[in-house]
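First listed ligand is number 1; within each ligand, the first listed atom is number 1.
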Amino acid sequence: MKNKKLTIALAGLVLVAALQSCRPKDSGNAVSGDAAQKTYVAPGKYDEIYNFVSGGFSGQMSCYGIPSGRLLRVIPVFSVDPEKGWGYSEETKPMLNTSHGFVPWDDLHHVQLSKTNGEYDNRWIFANANNTPRVARIDLTTFRTSEIIELPNSGGNHSSPFITENTEYLVAGTRFSVPPDDVNGDVPIDSYKENFKGTISFISVGKEDGKMDIAFQIQCPGVNFDLSRAGKGVSHGWFFFSCYNTEQANTLLEVNASQKDKDFVMAVNWKKAEEYLKAGKGRKQAVKYAHNTYSEKTHSATSEIKTEVIVLDSKVLKDICYFIPCPKSPHGCDVSPTGEYIVASGKLAAVIPVFSFDKILKAIAAKSYDGEFDGIPVIKYESALYGEVKKPGLGPLHTEFDDNGNAYTSMFVSSEVVKWSVKDLKVLDRQPTFYSIGHLCVVGGDTKKPFGKYLIAYNKITKDRYLPTGPELSQSAQLFDISGDKMKLILDFPTIGEPHYAQAVVADVIKKNSVKMFKIEENAHPYVAKGEKETKVVREGNKVHVYMTVIRSHLTPDNIEGIKMGDEVYFHVTNLEQDWDVPHGFAIKGASNAELLIMPGETQTLKWIPKRVGISPMYCTDFCSALHQEMTGYVRVSPAGSNVPISYGTGKTPAAPAAPAPSR
Ligand code: K7E
Ligand code: CUA
């Protein structure tokens with residue numbers, strides 16, 4: 001027993017040592033001589049590229065300009081954002097609703113721009129919530145989250161959301177296998193093999209409006225699905241997932257899920273799955289998941305709880321899923337621009353295996369199998385393999401592609417980017433990163449026609465790269481010029497949260513389509529005031545609705561009396577401006593939530609329950625004009641049962657009686 005424990009501990013130590021990244025030596029002087037010239041974007045000039053970066057445990061997405069590395073916007077997605085009122089205004093709260101209730105945080109790892117014909121079509125960007133499984137759609141005309149759908153039968157939505165070449169589906173695989181939602185999950189944890197299942201969700205996306213829906217799910221053996229990519233070109237109609245923990249361990253995974261020499265890549269024939277779905281081979285399963293949508297017409301979100309999904313069983317429907325052995329605990333699973341090559345990066349492996357789609361099809365036709373795993377055929381490694389990239393570096397994680405037939409793989413343990421030729425699998429170049437690189441992205445690097453030019457590395461553990469900021473240091477992005485034979489480091493820039501995947505796209509179309517304001521005449525919010533004449537304060541029992549407008553530089557009404565203790569006050573604030581970049585903010589003393597930040601033409605609502613009798617100031621929080629500091633007002637709160645009537649106005653003192661003096 002003692003010995004066994006010791007062995008496990010030792011194995012763990014060796015593993016930990018192997019997994020901690022080494023630090024390259026020449027950390028200060030690896031910068032290209034013309035770096036400043038290549039990254040300088042003069043004041044007033046625009047960047048060439050939008051770079052959308054996942055925020056990891058911040059739950060948000062950020063948007064940078066490339067090549068300058070300037071942060072342009074943090075887009076709130078799964079986490080509340082007090083700066084923008086996201087998750088604090090009454091209108092946005094339903095966006096964070098789930099079958100577990102209001103969930104104000106998540107862990108966002110992967111972003112995916114929508115595609116047409118395998119190229120970015122500049123309409124939406126999608127993202128995953130890792131912790132409470134959800135997928136979000138962000139509208140690229142507003143840079144705001146417009147839809148979030150929860151995924152049932154899942155736990156740890158990591159291999160998500162990856163997208164098919166015409167955005168037919170967003171696909172999401174569960175990292176943690178768990179008992180399905182419609183069975184009693186109150187089972188011993190060590191009954192993993194028997195009771196835990198993997199689930200892959202296919203989320204359809206509306207061609208015109210982008211509306212998401214869970215089209216179907218495929219139930220798979222219980223393993224950990226880590227990452228995935230859609231086939232494209234020749235492999236369109238297929239999906240590829242990396243799977244680890246094929247040991248099906250439920251404890252001390254760092255040792256117990258690293259036992260086997262090979263885990264799997266799972267190839268999924270989703271066109272076949274569609275056929276089975278049409279033929280009625282799916283099983284309706286009772287589940288619970290939230291589907292939240294935000295309307296820019298009503299400027300409000302609605303949340304609906306849905307109760308059914310259709311599940312296809314991969315064990316019964318034999319020709320949907322196939323396993324391909326893959327060394328060892330694969331992480332990234334990336335598909336070349338033509339769709340012929342599938343690159344799986346075994347984070348503990350000494351080589352990078354590259355599989356051939358053509359060979360996979362032939363192996364399936366010839367039934368070149370090595371038996372089955374949990375009812376799924378296992379294709380022979382050699383029968384699917386195109387070749388191995390030898391001595392690529394240590395800890396390969398993720399691969400992207402350029403426009404010249406090259407692949408770029410991030411090496412977490414050896415802290416470097418390695419460039420290799422897809423055709424002959426020869427390593428062509430390697431450059432250190434500072435320090436531990438996770439994902440990387442090439443402009444258009446996962447499309448059928450990569451743009452190339454720049455590669456951005458997203459690094460963890462930045463150590464000495466920036467001025468120290470206490471125990472926690474900023475994570476970091478590094479920009480490489482990849483237009484020549486050798487990669488050249490040209491810029492470092494700090495990032496928000498912990499970036500994982502990111503994508504980069506030439507800015508032209510998104511820039512042109514950007515919404516500048518919402519038309520006030522189209523505002524269909526139920527509590528809109530389309531002009532100061534429509535402002536009012538309406539009492540309904542203990543609820544008081546304030547129809548307020550804001551315009552430079554006053555609130556209407558800015559004096560409100562007749563509010564009583566026990567009231568719930570709703571400030572419905574409409575921004576009357578019809579000009580680009582003139583938001584107003586709104587806040588009131590003692591409110592137990594964040595400010596509102598209201599765009600021109602929009603209405604947002606702040607709920608306030610006064611806790612004290614007296615005068616509460618309110619004001620605009622966003623510096624909007626020279627008279628911004630004048631953009632203020634007062635609310636008078638009287639005791640419960642007081643007879644001060646509702647009165648309000650701007651530019652006149654409400655004609656309300658003074659409260660009776662307290663009796664002595
Ligand atoms: Cu490699 Cu979550 Cu895509 Cu991080 S993941 S690095
Ligand atoms: Cu409106 Cu400051």
Any side-chain heavy-atom pair of Phe176 and His158 under 4.5 Å: no

Measure [X] to ligand 1 on non-hydrogen atoms and call it side chain, backbone, both or neither using the 4.0 Å cut-off.
| X | answer |
| --- | --- |
| Glu498 | neither |
| Leu227 | side chain |
| His109 | side chain |

Of all the N, O or S atoms in His628, which one sits nearest to atom 2 (Cu) of ligand 2? ND1

Quick one: report the N, O or S atom of Asp622 that is nearest to atom 2 (Cu) of ligand 2. O

Report whether any nitrogen, oxygen or sulfur of His584 sits less than 2.8 Å from atom 2 (Cu) of ligand 2 (N, O or S, backbone or side chain). no

For Tyr458 and Pro499, which heavy atoms make the closest approach, and how far apart are they? CD2-CB, 3.9 Å

Which of the atoms in ligand 1, numbered in the order shown and given with their element, are less than 4.0 Å from a heavy-atom of [X]?
| X | answer |
| --- | --- |
| Gly438 | 6 (S) |
| His110 | 2 (Cu), 3 (Cu), 5 (S) |
| His398 | 1 (Cu), 3 (Cu), 5 (S), 6 (S) |

Electrostatic pair [X]-[Y], nearest N-O below 4.0 angstrom:
| X | Y | value |
| --- | --- | --- |
| Glu602 | Lys530 | no |
| Arg134 | Asp106 | yes |
| Lys84 | Glu595 | no |
| Arg229 | Glu165 | no |

Rounded to 10°, how big is the angle at atom 2 (Cu) of ligand 2 from Cys620 SG to Cys624 SG? 120°

Measure from the side-chain N and O atoms of Ser410 to the backbone N and O of Val417, and report whether any donor-acceptor pair falls under 3.5 Å. no

Looking only at N, O or S atoms, find the one in His500 nearest to atom 4 (Cu) of ligand 1 and name it. ND1

Do Phe78 and Trp105 make the cut of ring centroids closer than 6.0 angstrom? no

Closer than 2.8 Å to atom 1 (Cu) of ligand 1: does that hold for any N, O or S atom in His331? yes

